[in-house]
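Below is one structure, written out as structure tokens; comments come after it.
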Number of protein chains: 2
Amino acid sequence: MANIYDVARLAKVSTATVSKVLSNTPYVSDKTRQKVLDAVFNLGYSPSIAARSLTGNRRFVIGLAIPYEPNYLFRDPFLMEVIQGIEEIANEHDYNLLFTTARKTNPQGAYSRLLNKGYVDGVVILETVKSVELDKKLVESGIPRVSVGYSMGSKGNLAIVTPSVHANDYLGALEATRHLLNLGHRRIGIINGPANFMTAMEERYKGFCTALAEAGLNPDPELMVNGDFTLESGIVAGQKLLQVSPLPTAIFSFNDRMAVGAMRSAREKGLKIPYDLSIIGFDDVELAQASDPPLTTIHQPAMGIGKEAARKLFAIFNGDIDILTETILPTEFILRGSTGPVPT
Amino acid sequence: MANIYDVARLAKVSTATVSKVLSNTPYVSDKTRQKVLDAVFNLGYSPSIAARSLTGNRRFVIGLAIPYEPNYLFRDPFLMEVIQGIEEIANEHDYNLLFTTARKTNPQGAYSRLLNKGYVDGVVILETVKSVELDKKLVESGIPRVSVGYSMGSKGNLAIVTPSVHANDYLGALEATRHLLNLGHRRIGIINGPANFMTAMEERYKGFCTALAEAGLNPDPELMVNGDFTLESGIVAGQKLLQVSPLPTAIFSFNDRMAVGAMRSAREKGLKIPYDLSIIGFDDVELAQASDPPLTTIHQPAMGIGKEAARKLFAIFNGDIDILTETILPTEFILRGSTGPVPT
DNA sequence: CTGAAAGCGCTTACAG
DNA sequence: CTGAAAGCGCTTACAG
């Protein structure tokens with residue numbers, strides 16, 4: 001394989017010049033630049049990432065801080081789509097992804113590689129409440145970071161500000177709830193995420209409450225249960241909600257998989273969807289289209305969130321500090337077959 | 001951050017010795033080794049991967065050759081589970097994964113990074129027929145490789161032998177078909193993968209035919225349709241099969257997602273599963289449990305396949321040439337609710 | 001605008 | 001069993 005010396009020799013310039021051309025430094029004459037480019041082309045030269053890392057102090061690796069067991073991660077279609085977005089942008093920059101998942105065996109050391117500049121140039125945190133600690137450590141270590149989700153800063157704790165990207169959970173939930181209210185539903189069950197787990201869930205709950213308030217209603221604590229985002233937990237949650245009396249006529253699940261689980265419990269109870277019970281989800285993952293009936297839901301631009309997070313990280317690498325902000329992407333209401341008028 | 005010189009200084013030895021201790025070279029006295037280890041611990045030293053790569057000619061990256069669009073990949077639960085297995089083993093060895101997916105914009109150059117020793121130490125090919133070409137190029141370039149699926153060698157073309165790992169597709173399909181036959185089914189529809197796409201599908205088809213032959217039956221060309229593994233394609237495939245007359249009483253889909261799609265078409269036609277129609281899948285992905293009714297299927301050890309493939313690659317790195325073989329993992333028949341006796 | 005030279009942090013023959 | 005030294009392939013001040 002050709003190295004930078006071969007290129008320099010062929011182009012009759014120094015390696016320094018070759019390096020400059022390749023890193024797009026200005027102050028290289030067009031003629032020289034062209035000679036170098038020709039040599040690069042003719043030799044099929046591509047620089048060694050290892051050498052570049054060693055010298056330039058870049059690793060060409062982005063760490064992914066994933067506060068879930070790998071076992072869970074790979075089954076969460078929403079997260080996978082976010083990661084797909086990150087991967088696409090990383091790829092464009094010749095960066096690889098380092099998956100760092102929480103491990104049962106070594107929870108405290110799970111992210112140690114992310115805190116070590118020897119491994120990564122920056123990290124994308126797939127945020128949960130649990131990441132507060134990681135957030136702090138990253139701030140201390142000075143490693144560039146972006147959070148998918150709500151950073152501490154968005155919670156009003158301005159001591160820790162991590163640039164973040166997320167969907168407008170509040171408005172999405174508001175819209176979902178209004179939809180149910182417009183259909184005449186008054187008793188609406190909620191399947192929330194794990195208690196005190198994610199800011200996103202709190203936002204969705206706020207949106208829900210606001211919509212209720214618009215209709216002059218108050219949330220009923222009996223009508224809220226928690227799940228862990230898996231379909232199975234949605235089944236259990238559905239069973240609980242369908243024991244409350246009087247029965248809810250609609251269920252708003254804070255993600256699609258739990259919504260599909262709730263459908264299952266409803267069907268087992270002999271309820272027809274949407275005639276006896278309306279169900280609406282959140283995310284719009286593939287499962288939402290595949291379910292029977294197809295799920296009415298709130299679309300989150302998962303891929304776009306991932307891409308935006310990655311772009312932000314690269315912007316930080318380039319020293320664009322002013323982008324240390326919260327990027328909020330819009331959600332979209334998707335009407336399908338799982339919601340209908342309140343039964344009369 | 002501490003480097004190898006700091007460690008050497010503290011331990012009062014040369015950097016060469018530190019290096020030897022860390023790479024577990026024998027011929028270092030226990031006393032020296034202990035001094036070095038102490039220094040490493042006290043400094044919190046961890047070697048620079050970049051420098052190691054540069055010197056040792058290792059990149060600490062495994063390439064994943066994925067002959068699918070990223071858009072497809074991240075939605076295929078079976079593939080994701082295989083990758084999860086690969087990731088776990090890679091992680092144990094301090095290796096990262098480089099995802100290389102087929103790109104519409106640049107199909108020919110999609111895997112170029114995999115063929116460049118500057119990027120990866122080895123590659124795992126997620127095999128399809130299309131990988132023949134890649135297989136050849138990898139052999140030429142001499143980059144260590146393992147195939148998830150059937151290598152060319154297993155097709156009898158011994159000129160190209162890539163070590164491979166896959167499930168026993170033949171026996172799995174045999175068992176699935178026998179199950180249907182035992183329930184009395186005689187007209188069994190098949191949803192195959194894309195025509196001439198993967199050896200795995202050919203193997204499943206062979207297993208199917210063998211079981212039929214055992215029952216004195218011949219495959220009926222009218223009862224076989226092709227899909228592309230997506231749920232949507234399963235819907236279309238199901239519709240086609242349910243137009244054949246006389247109707248099939250059972251459908252064997254070569255993956256779970258298409259099976260669930262076929263369920264949808266059956267339901268739309270007013271057929272009850274399993275009373276009017278039995279459906280069996282292949283893979284046993286999460287969706288199989290989530291479907292309604294839960295899907296009877298053939299379990300493939302997806303995670304185990306991934307792990308085995310990765311282990312094999314590391315074995316090759318270590319010079320264990322004798323493992324250049326085909327590893328076949330067993331499948332398992334999973335009885336759930338989507339299959340039943342032939343309607344009378 | 002261009003180049004000589006040091007240095008990034010390791011590993012690997014080689015000599016002892 | 002241990003160490004001196006070259007070298008991996010780049011980039012970056014620095015000098016011109």
Side-chain angles (χ1 to χ4, degrees), chain A residues 1-40 43-61 94-95 116-121 317-319, chain B residues 1-40 43-61 94-95 116-121 317-319:
Chain A
M1 275 178 52
N3 64 23
I4 200 171
Y5 293 100
D6 300 324
V7 176
R9 201 176 308 126
L10 186 58
K12 296 192 200 307
V13 297
S14 72
T15 59
T17 300
V18 174
S19 176
K20 279 167 198 156
V21 169
L22 291 178
S23 56
N24 279 314
T25 312
Y27 307 124
V28 179
S29 75
D30 282 354
K31 211 171 68 184
T32 306
R33 181 181 302 279
Q34 197 51 55
K35 278 196 300 184
V36 170
L37 259 20
D38 287 347
V40 165
L43 259 26
Y45 168 73
S46 86
S48 152
I49 293 225
R52 237 144 82 143
S53 309
L54 189 54
T55 315
N57 225 29
R58 301 171 69 193
R59 316 297 155 177
F60 295 92
V61 173
D94 270 340
Y95 267 68
N116 182 333
K117 279 209 174 143
Y119 281 106
V120 301
D121 293 329
F317 291 168
N318 292 335
Chain B
M1 274 178 53
N3 64 23
I4 200 171
Y5 293 100
D6 300 325
V7 176
R9 201 176 309 126
L10 185 59
K12 297 189 199 310
V13 297
S14 72
T15 60
T17 300
V18 175
S19 177
K20 279 167 198 155
V21 169
L22 292 178
S23 56
N24 279 313
T25 312
Y27 307 125
V28 179
S29 74
D30 282 354
K31 210 170 72 186
T32 306
R33 179 182 304 278
Q34 197 50 54
K35 277 195 302 184
V36 171
L37 259 21
D38 286 349
V40 165
L43 259 27
Y45 168 73
S46 86
S48 151
I49 292 225
R52 239 145 80 144
S53 307
L54 189 54
T55 316
N57 226 29
R58 301 170 69 193
R59 317 296 155 177
F60 294 92
V61 174
D94 270 341
Y95 268 68
N116 181 333
K117 279 209 173 142
Y119 281 106
V120 301
D121 294 329
F317 291 168
N318 292 336

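Chain A is the first sequence line, chain B the second, and so forth, proteins listed ahead of strands; every chain is numbered from 1.
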Show the nearest heavy-atom pair for residues [X] and [Y], with the distance to one decimal.
X	Y	result
A/Tyr5	A/Thr15	CD2-CG2, 3.5 Å
A/Leu54	B/Ser48	CD1-OG, 4.4 Å
B/Tyr95	B/Val61	CD2-N, 3.4 Å
A/Ala11	A/Ala39	CB-CB, 3.9 Å
B/Phe317	B/Asp121	CE2-O, 3.2 Å

Whole-Å distance separating the CZ atom of A/Arg33 from the P atom of C/dG3: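 After rounding, the gap between these two atoms is 14 Å.
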Whole-Å distance between D/dT2 C1' and B/Lys35 NZ?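 Going from B/Lys35 (NZ) to D/dT2 (C1'), I get 10 Å.
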Side chain A/Asn3, main chain A/Asp6, donor-acceptor under 3.5 Å: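 Yes: the side chain of A/Asn3 pairs with the backbone of A/Asp6.
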Looking at B/Asp38 and B/Lys35, would you say the former's side chain and the latter's main chain have a donor-acceptor pair under 3.5 Å?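 A pair under 3.5 Å: no.
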Would you say A/Thr17 reaches C/dG3's phosphate, i.e. side-chain N/O to OP1/OP2 under 4.0 Å?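 So the side-chain polar atoms of A/Thr17 do come within 4.0 Å of the phosphate oxygens OP1 or OP2 of C/dG3, strictly under.
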Under 4.0 Å between a side-chain N or O of A/Ser14 and OP1 or OP2 of C/dA4?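 So the side-chain polar atoms of A/Ser14 never come under 4.0 Å of the phosphate oxygens OP1 or OP2 of C/dA4.
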Paired stems touching DNA chain D, three or more consecutive Watson-Crick or G-U pairs with both distances under 3.5 Å?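 Stems (3+ consecutive pairs) listed as C:1-3 with D:14-16, C:5-12 with D:5-12, C:14-16 with D:1-3.
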Answer with base, sugar-phosphate or nothing: what part of the nucleic acid does B/Thr32 contact at a heavy-atom distance below 4.0 Å?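 Sugar-phosphate only.
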Using the rule side-chain contact (heavy atoms from CB on, under 4.5 Å), only one of A/Val21, A/Val7, A/Val18 pairs with A/Leu37; which is it?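 For A/Leu37, the side-chain contact (heavy atoms from CB on, under 4.5 Å) test succeeds with only one of A/Val21, A/Val7, A/Val18, which is A/Val21.
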Counting primed atoms, P, OP1 and OP2 as sugar-phosphate and everything else as base, the B/S/- map of nucleotides 8-16 of chain D against protein heavy atoms under 4.0 Å is BBBBB----
